[in-house]
Amino acid sequence: MKVPLLDLKLQYLALKSELDKAILRVAESQYFILGPEVQKMEKEFCEFLGCKYASGVSSGTDALLLALMAIDIKPGDEVIVPTFSFFATAGVVSRMNATPVLTDIDPVSFNIDPNEIEKKITSKTRAIMPVHLYGQSADMDPIMKIAENHKLTVIEDGAQAISAQYKDGSSAGTIGDIGCYSFFPTKNLGCYGDGGLAVTNNDELEHLMRIKRVHGGEPKYYHKVIGGNFRLDALQAAVVNVKLPYLNGWSESRRKNAERYNRLFKDAGLAEETGRVEFDENNMVLLPKAVYKDLDGLSDYHIYNQYIIRIKQRDKLRQFLADNDIGTEIYYPVPFHLQECFSDLGYKYGDFPRAEEAANNSLALPVYPELKDEQLIYVVEKIKDFIKG
Ligand SMILES: *Cc1c(COP(=O)(O)O)cnc(C)c1O
């Protein structure tokens, strides 16, 4: 049986007539950049996410960059980021000639550990950039409290978490000052190229992002500030507009698949409970868990952009699964503090042990909405074969 990590063709075939029509409509309009499709998309996201403003931009990376430009990050400023994320999170900080200040992660959620943030704050700190990794909100309450106490801006990297919710039901990405999302094809809401979104409830930040998206001119050709070309194509917005009404259904399917995996791993005798961080003979596979709860016990809404297990001998397992036609991926094999390009930041191996461990033993399994039950069963069977021989 073949189980790819992701199969986008199934989603396309399900929505083919709607998508083809939307794409043709853009071709016929010959209106390619920003314009009515993008405006429609922005309006719908404000409603969907529950925020005041949304701006379509050229990618998730550019949304982060635009956010840093909007708060006027200066060379030498410091931005606190988790050391374990996709490269863009720290890359954009360095591109502004500011300094990414790295922190370790919480071992259950893989997200920034709020307890590590305060000790990193200096007189140069300007912002905190939590990442909602794998589709699960970071623990925003303590982060917002620290930011308020120290007058710091919070920019949320929600690239993997569009429609995820924090424990009180607010959308991940709308809690801080600016939230950034990506429509890269492998995200839960993917367009047909590069695309992204930046959201805020702040009038002044909205204004700055809107003009800096198009070089900063206001009016056009008159510049008080410098921006860039961070515009979104109409074609990408048209694709997103078709897909948005299906997003909640896809999230539900991903959550069901994750629960099904958890159950199958338990039934196979490979795990006892979710959210464990230590291996033993009854827990050869460590399972993910949505961890933040409010006082009523309401848990955050994890949308499983990735379903991540932890396992010893991860690389050998990955090869074994590949030999059995099962696609997996490692997100991410090298934390920022061990990346060659960041060697001048002065970190070394051992500085962030929880991130290093995650880089060594975590593995993403297929969890996309169209996955069939026999495929899920097959994946767990093969992992059991690998472990029990
Ligand atoms: C995908 C991703 C980005 C970048 O998004 P692009 O649209 O690919 O530029 C940034 N941060 C995280 C955590 C991501 O997963």
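Below, all heavy atoms of this structure are taken into account, side chains as well, without hydrogens, waters or symmetry copies. Quick caveat, the model's predicted, so the values are computed rather than measured. Whatever order the structure lists them in is the order used to number ligands and atoms, beginning at 1.
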Considering all heavy atoms of both residues, which atom of Ala70 and which atom of Leu205 are nearest to each other, and what is their separation?
O-CD2, 4.1 Å
Please work out which of the three classes, parallel, tilted or perpendicular, describes the rings of Phe320 and Phe386, given edges at 30° and 60°.
tilted
Going by an N to O cut-off under 4.0 Å, is there a salt bridge joining Lys382 and Asp385?
yes
Is the NZ or CZ atom of Arg260 positioned over Tyr307's six-membered ring, under 6.0 angstrom from the centre and within 45° of the axis?
no
Please tabulate, line by line, the atom pairs linking an N/O of ligand 1 to a protein N/O at a distance below 3.5 Å, with the distance in Å to 0.1, or answer 'none'.
{"unit_1": "ligand 1", "atom_1": "5 (O)", "unit_2": "Ser182", "atom_2": "OG", "d": "3.4"}
{"unit_1": "ligand 1", "atom_1": "7 (O)", "unit_2": "Gly60", "atom_2": "N", "d": "2.8"}
{"unit_1": "ligand 1", "atom_1": "7 (O)", "unit_2": "Ser182", "atom_2": "OG", "d": "2.6"}
{"unit_1": "ligand 1", "atom_1": "9 (O)", "unit_2": "Gly60", "atom_2": "N", "d": "3.4"}
{"unit_1": "ligand 1", "atom_1": "9 (O)", "unit_2": "Thr61", "atom_2": "N", "d": "2.8"}
{"unit_1": "ligand 1", "atom_1": "9 (O)", "unit_2": "Thr61", "atom_2": "OG1", "d": "2.5"}
{"unit_1": "ligand 1", "atom_1": "11 (N)", "unit_2": "Asp157", "atom_2": "OD1", "d": "3.2"}
{"unit_1": "ligand 1", "atom_1": "11 (N)", "unit_2": "Asp157", "atom_2": "OD2", "d": "2.7"}
{"unit_1": "ligand 1", "atom_1": "15 (O)", "unit_2": "Gln160", "atom_2": "NE2", "d": "2.8"}
{"unit_1": "ligand 1", "atom_1": "15 (O)", "unit_2": "Lys187", "atom_2": "NZ", "d": "2.6"}

Should Lys43 and Glu47 count as an ion pair when the cut-off is N to O under 4.0 Å?
no
Taking the six-membered ring for Trp and the single ring otherwise, decide whether the centroids of Phe45 and Phe183 are under 6.0 Å apart.
yes
